[in-house]
Amino acid sequence: MEYNFKELEEKWQSYWRDNNINKVTVDPSRPKFYVLDMFPYPSGAGLHVGHPLGYIASDIYSRFKRLNGFNVLHPMGYDAYGLPAEQYAIQTGQHPAITTDKNVKRYREQLDKIGFSYDWDREVKTCDPHYYKWTQWAFIQMFNHYYCNDEKQARPIEELVKTFETVGTEGVNASCTEPLSFTAEEWKAKSEKEQQAILLNYRLAYLADTMVNWCPALGTVLANDEVKDGVSERGGHPVEQKLMRQWLLRVSAYSERLLEGMNKIDWTDSLKEIQRNWIGRSEGAEMIFKVKDSDVEMKIFTTRADTVFGVTFMVLAPESELVDQITTADQKEAVENYLEETKKRTERERLSDVKRVSGVFSGGYAINPLTNQEIPVWISDYVLAGYGTGAIMAVPAHDTRDFAFARHFNLPITQVVIPEGEEATDTATWDDSKDSKAGTMVNSGLLDGLSVPDAIAKTKEYIKGKGIGAVKVNYRLRDAIFSRQRYWGEPFPVYYKDDMPYMLDESKLPLELPEVDKYLPTESGEPPLGRAKDWKTEEGYSLELNTMPGFAGSSAYYLRYMDPQNKEALVGKESNEYWQDVDLYIGGTEHATGHLIYSRFWNKFLYDLGVVVKDEPFRKLINQGMIQGRSNFVYRINGTNQYVSLNLKKDYDVTPLHVDVNIVRNDILDIEAFRNWMPEYNDAEFILEDGKYICGWAVEKMSKSKYNVVNPDDIVSNFGADTLRLYEMFLGPLEQSKPWDTNGIDGVHKFLRKAWRLFHDRENNINISEDKATPEELKALHTAIKKITENIERFSFNTCVSAFMICVNELTDLKCNKREILEALVTLLAPFAPHIAEELWHQLGHTTTVCDAPWPKWEAACLVESTITYPVSFNGKMRFKLDLPADMNKADIEKAVMENEASQKWLEGKTVKKVIIVPKKIINIVVG
RNA sequence: GCCCGAGUGGUGGAAUUGGUAGACACGCAGGACUUAAAAUCCUGUGACCAUUGCGGUCGUGCGGGUUCAAGUCCCGCCUCGGGUACCA
């Protein structure tokens with residue numbers, strides 16, 4: 001066997017391991033580079049061929065940077081807490097730690113076979129107490145800090161306490177759950193418990209009664225980003241709204257900084273856009289509407305204060321606390337019925353039923369502060385309690401939802417904006433609200449005749465001046481619910497005294513996850529930790545029963561990799577100052593609104609504390625595309641055990657059935673393997689075409705049930721890790737989603753064998769010439785150096801592989817076996833196919849690893865052409881090619897073309913209007 | 001609905017700033033070597049017309065436009081993928 005990938009891959013993997021080739025340490029004499037893959041959750045199914053796509057890309061880049069003299073940090077670890085292991089524990093009674101351990105081992109085996117250059121000494125696991133100690137530590141810090149809006153950073157809570165003691169809330173501008181106001185005397189008069197309750201209103205990690213997404217099937221609450229389309233992202237179970245006392249992180253305090261920070265990071269526009277939408281900044285005004293015959297005031301948020309003359313009713317969210325205060329006696333029953341009805345609707349029903357208009361009149365009236373008009377106050381679930389103030393001014397003429405509501409309940413509609421090029425019309429004739437982004441104001445008193453932007457500005461001035469409102473910026477981003485009623489997660493370092501939460505002393509960390517007899521809630525409905533024996537502090541205070549969510553452990557793991565063994569700190573100063581931040585982060589786009597927001601928040605908080613030197617954790621981020629499955633089908637003739645080949649199926653009545661893609665090659669079914677696949681196919685019969693059974697195919701999600709899962713281990717054992725690596729890259733651009741189709745893999749495998757043969761004679765002996773390279777050979781090499789270097793830098797790995805193929809094809813044609821050429825070629829190949837490169841490098845006589853070889857530089861002198869093959873076009877259509885000296889000037893080129901025999905046919909009977917010559921590119925002659 | 005992204009041969013894809021559309025592979029067809037197979041190598045391969053040779057016409061989702069020249073830029077649509085959605 002000539003290229004024995006199996007033998008040499010095992011050999012070099014153990015060489016790298018035994019010689020600590022991938023170990024990195026802080027080394028200020030060299031520039032650092034930090035390449036990170038998104039933390040994988042080790043699932044029971046193991047890796048399929050889609051998972052390593054990003055890992056291969058990041059590994060190529062890491063190795064490339066190392067060859068260019070960088071000290072590269074390239075770690076890997078596991079996001080080991082999670083629901084699947086716990087669900088499995090509930091079913092089987094097996095401790096989730098055992099399941100997790102098993103899965104981690106399997107992941108590691110699979111990863112090792114692909115030849116990644118991870119420094120495994122830095123591996124972290126979120127469920128390891130040495131690791132989650134620092135998750136708990138960070139939580140304590142958040143509890144002990146609040147966010148100062150003036151200084152735009154987190155400050156110690158003691159500072160706030162001091163302010164309260166001296167001046168009360170006077171001058172305090174802090175992020176809080178609800179604005180409070182008290183004097184120093186009032187503060188001092190409060191009990192310890194009352195003071196603690198007030199501080200929770202400011203802490204960055206706080207306990208509050210809040211509406212949560214409760215998932216009964218999973219027995220836990222979920223964060224907003226864990227709910228998709230009203231069902232849980234994991235498992236797809238229904239989710240309902242429920243009021244519960246929960247831990248939250250005040251992520252919303254950092255909204256503006258999270259938004260601003262995106263201007264200085266190199267992420268894709270689409271990903272930044274997703275985050276911007278999720279943060280949802282909107283600039284508008286808060287306005288106060290007095291309620292008639294009462295001292296109740298309604299505060300509303302609007303982005304269109306200019307349309308205030310078009311307000312014909314007000315709407316409160318059903319959960320708003322003003323509902324009680326505004327509802328009149330005679331409407332009380334109707335309102336209560338409505339509240340009862342809305343409460344029963346689950347989140348899912350509400351979402352699937354968006355068009356249904358519902359609501360009830362409260363009986364109360366508000367006064368429009370600009371017109372002094374009385375306007376009815378309604379209650380409807382189309383207004384959300386969680387956004388703005390939970391109350392709106394309705395402008396039915398210019399808002400779709402308000403319009404639908406007004407029509408349904410027969411409320412008046414007043415037009416206040418005339419869109420450009422239109423006339424005012426009777427709103428009774430409208431089918432829908434009118435767009436009001438641009439136009440002229442009408443029916444608007446002092447705003448009449450103004451353009452929309454002018455009117456907005458004028459209204460803001462007016463309400464500010466009159467003290468009836470204020471300019472305000474609102475964010476859609478909610479605080480993150482941080483409690484989970486589950487077992488398999490980090491325990492909170494929290495105990496309760498007099499119903500108030502207190503933090504454990506840092507010296508007590510880590511607070512380790514206790515054993516429980518079952519992984520289910522207790523009979524009284526408490527979370528699983530309620531089953532733990534002696535789950536209390538030494539003093540006898542009971543400990544928190546909730547655990548932390550999945551994103552807790554993944555929010556600062558990139559920092560821990562910098563200094564994973566540190567017992568004194570999450571990350572040591574020296575390590576953090578050296579490694580700074582992640583230079584390149586590769587992972588899927590599915591974390592756009594979860595992990596990538598939370599870890600940025602977490603990092604900014606640590607930055608405020610002075611724990612880390614960088615404000616943003618991930619400098620450049622690339623989203624690799626998903627690898628979809630490519631399913632194969634056989635066609636069973638209905639009612640028989642007979643299967644008909646793809647192109648003959650139209651003559652029969654057939655049912656397509658998924659067939660395991662691993663027994664199909666180039667869409668041709670291995671009939672014997674099919675018969676042995678499942679008992680029901682043992683005596684299957686086939687109708688063949690050209691003696692073959694051809695399968696149909698389709699692109700679908702890669703999943704067990706579709707029998708289209710391809711395992712990287714199988715590819716490695718059939719073709720080798722180097723082939724797998726090259727092929728995953730060759731499939732297409734990294735960012736693009738594409739189906740996995742093993743069909744093309746022969747091409748890259750053949751390429752590696754061809755490359756091998758450049759170095760060896762027919763007897764497979766190394767055969768290298770020390771002669772000087774010819775210009776042709778140098779040109780082939782330097783073209784490849786240039787293309788591959790530039791393409792790695794712009795993450796275009798698929799075109800790198802083509803460049804390799806072209807180079808090896810050319811060198812094969814030139815029968816080149818010169819050291820001068822081949823040594824550089826091996827180095828270029830090392831990031832992509834490290835095993836074969838290491839083998840050839842050693843066969844070339846080197847005794848140290850190819851991982852530290854110098855990256856070749858391309859030389860312009862080797863690339864210059866003496867002649868250029870010009871495409872000659874007439875009226876833009878290429879007609880023939882013409883070889884001309886590269887240094888020929890325009891005039892001579894024109895002369896040469898005009899006199900050329902091939903031109904005459906196109907010039908005949910025509911006049912030349914114009915001749916365009918772009919030197920070294922193209923010649924175009926315009927004739928008429 | 002709104003916001004992104006993408007549509008190129010039978011397939012994956014290439015064409016970096018407007019300059020030879022289809023690189024590089026897969027597949028397919030034919031051939032060489034071989035008792036045979038595997039492996040390897042060679043030739044052809046966008047469509048249509050012509051095929052005795054040359055050759056010609058069309059062609060990057062659709063319809064327009066700018067330009068000597070458009071896959072690439074502009075305008076209007078269509079389809080697919082992703083995100084988000086009573087967010088005032």
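A note on names: the letters A, B, ... follow the listed sequences, proteins ahead of strands, and every chain is numbered from 1. Computed from a prediction, not measured in an experiment: that's the story for all the values here.
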What interatomic distance, in whole Å, is found between [atom1] of [M] and the corresponding atom of [N]?
N	M	atom1	answer
B/rG65	B/rG12	C1'	34 Å
B/rA23	B/rA32	C1'	27 Å
B/rG19	B/rG55	C1'	25 Å
B/rA85	B/rC3	P	16 Å
B/rU8	B/rC62	C1'	15 Å
B/rG27	B/rC74	C1'	39 Å
B/rG64	B/rC54	P	35 Å
B/rA47	B/rG83	P	38 Å

TODO: Establish, yes or no, whether a centroid distance under 6.0 Å links the rings of A/Phe405 and A/Trp378.
DONE: yes

Distance below 4.0 Å between [X] side-chain N/O and [N] OP1 or OP2:
X	N	answer
A/Asn798	B/rA14	yes
A/Arg762	B/rC41	no
A/Lys750	B/rC26	yes
A/Gln736	B/rG13	yes
A/Arg276	B/rC3	no
A/Arg476	B/rA88	no

Given that both distances must come in under 3.5 Å, which nucleotide forms a Watson-Crick or G-U wobble pair with [N]?
N	answer
B/rG55	B/rC49
B/rA14	none
B/rC77	B/rG61
B/rG9	none
B/rG44	B/rC28
B/rA85	none
B/rA39	none
B/rC68	B/rG19

For a 4.5 angstrom cut-off between non-hydrogen side-chain atoms, does [X] reach [Y]?
X	Y	answer
A/Ile300	A/Phe289	yes
A/Val710	A/Ile627	no
A/Phe751	A/Tyr727	no
A/Leu752	A/Tyr3	yes

Counting heavy atoms from C-beta on, name the nucleotide in [options] closest to the side chain of [X].
X	options	value
A/Asn743	B/rC26, B/rU11, B/rC3	B/rC26
A/Ile806	B/rC86, B/rA23, B/rG27	B/rA23
A/Lys881	B/rG56, B/rC86, B/rU20	B/rU20
A/Trp278	B/rA85, B/rU16, B/rU20	B/rA85
A/Asn809	B/rA25, B/rG56, B/rU16	B/rA25
A/Arg401	B/rA23, B/rC87, B/rA14	B/rC87
A/Phe301	B/rU20, B/rC24, B/rA88	B/rA88
A/Lys921	B/rC68, B/rG19, B/rA14	B/rG19
A/Tyr387	B/rU20, B/rA14, B/rA88	B/rA88
A/Ile922	B/rC68, B/rU20, B/rC87	B/rU20

Could you check whether [Y] and [X], counting side-chain N and O atoms only, form a donor-acceptor pair closer than 3.5 Å?
X	Y	value
A/Asn924	A/Lys914	no
A/Asn791	A/Thr799	yes
A/Ser252	A/Asp479	yes
A/Trp756	A/Asn764	yes

Sugar-phosphate only, base, or nothing, as touched by [X] at under 4.0 Å among non-hydrogen atoms:
X	value
A/Tyr475	nothing
A/Trp906	sugar-phosphate
A/Leu731	sugar-phosphate
A/Pro733	sugar-phosphate

Whole angstrom is fine here: how far is it from [atom1] in [X] over to [atom2] in [N]?
X	N	atom1	atom2	result
A/Met805	B/rG13	CE	C1'	12 Å
A/Phe730	B/rA14	CZ	P	10 Å
A/Arg304	B/rC87	CZ	P	15 Å
A/Arg630	B/rC26	CZ	P	16 Å
A/Asp381	B/rC87	CG	P	13 Å
A/Phe832	B/rC24	CZ	C1'	14 Å
A/Trp756	B/rU40	CH2	P	16 Å
A/Ile274	B/rG81	CD1	P	17 Å

Task: Whichever of A/Asn875 and A/Thr869 has its nearest RNA chain B nucleotide further upstream toward 5' - done: A/Thr869

TODO: Please figure out whether A/Asp399 or A/Ser796 has its closest RNA chain B nucleotide nearer the 5' end.
DONE: A/Ser796

Open item on the list: Anti or syn, where syn is a glycosidic angle within 90° of 0; which label fits B/rG59?
Closed with: anti

- [ ] Before giving the answer on side chain to side chain contact (heavy atoms under 4.5 Å, CB included), spell out for A/Arg401 and A/Ile392 the whole-Å C-alpha distance, their side-chain angles and the decisive distance to 0.1 Å.
- [x] CA-CA 12 Å; A/Arg401 297 148 303 169; A/Ile392 62 153; over 6 Å; no

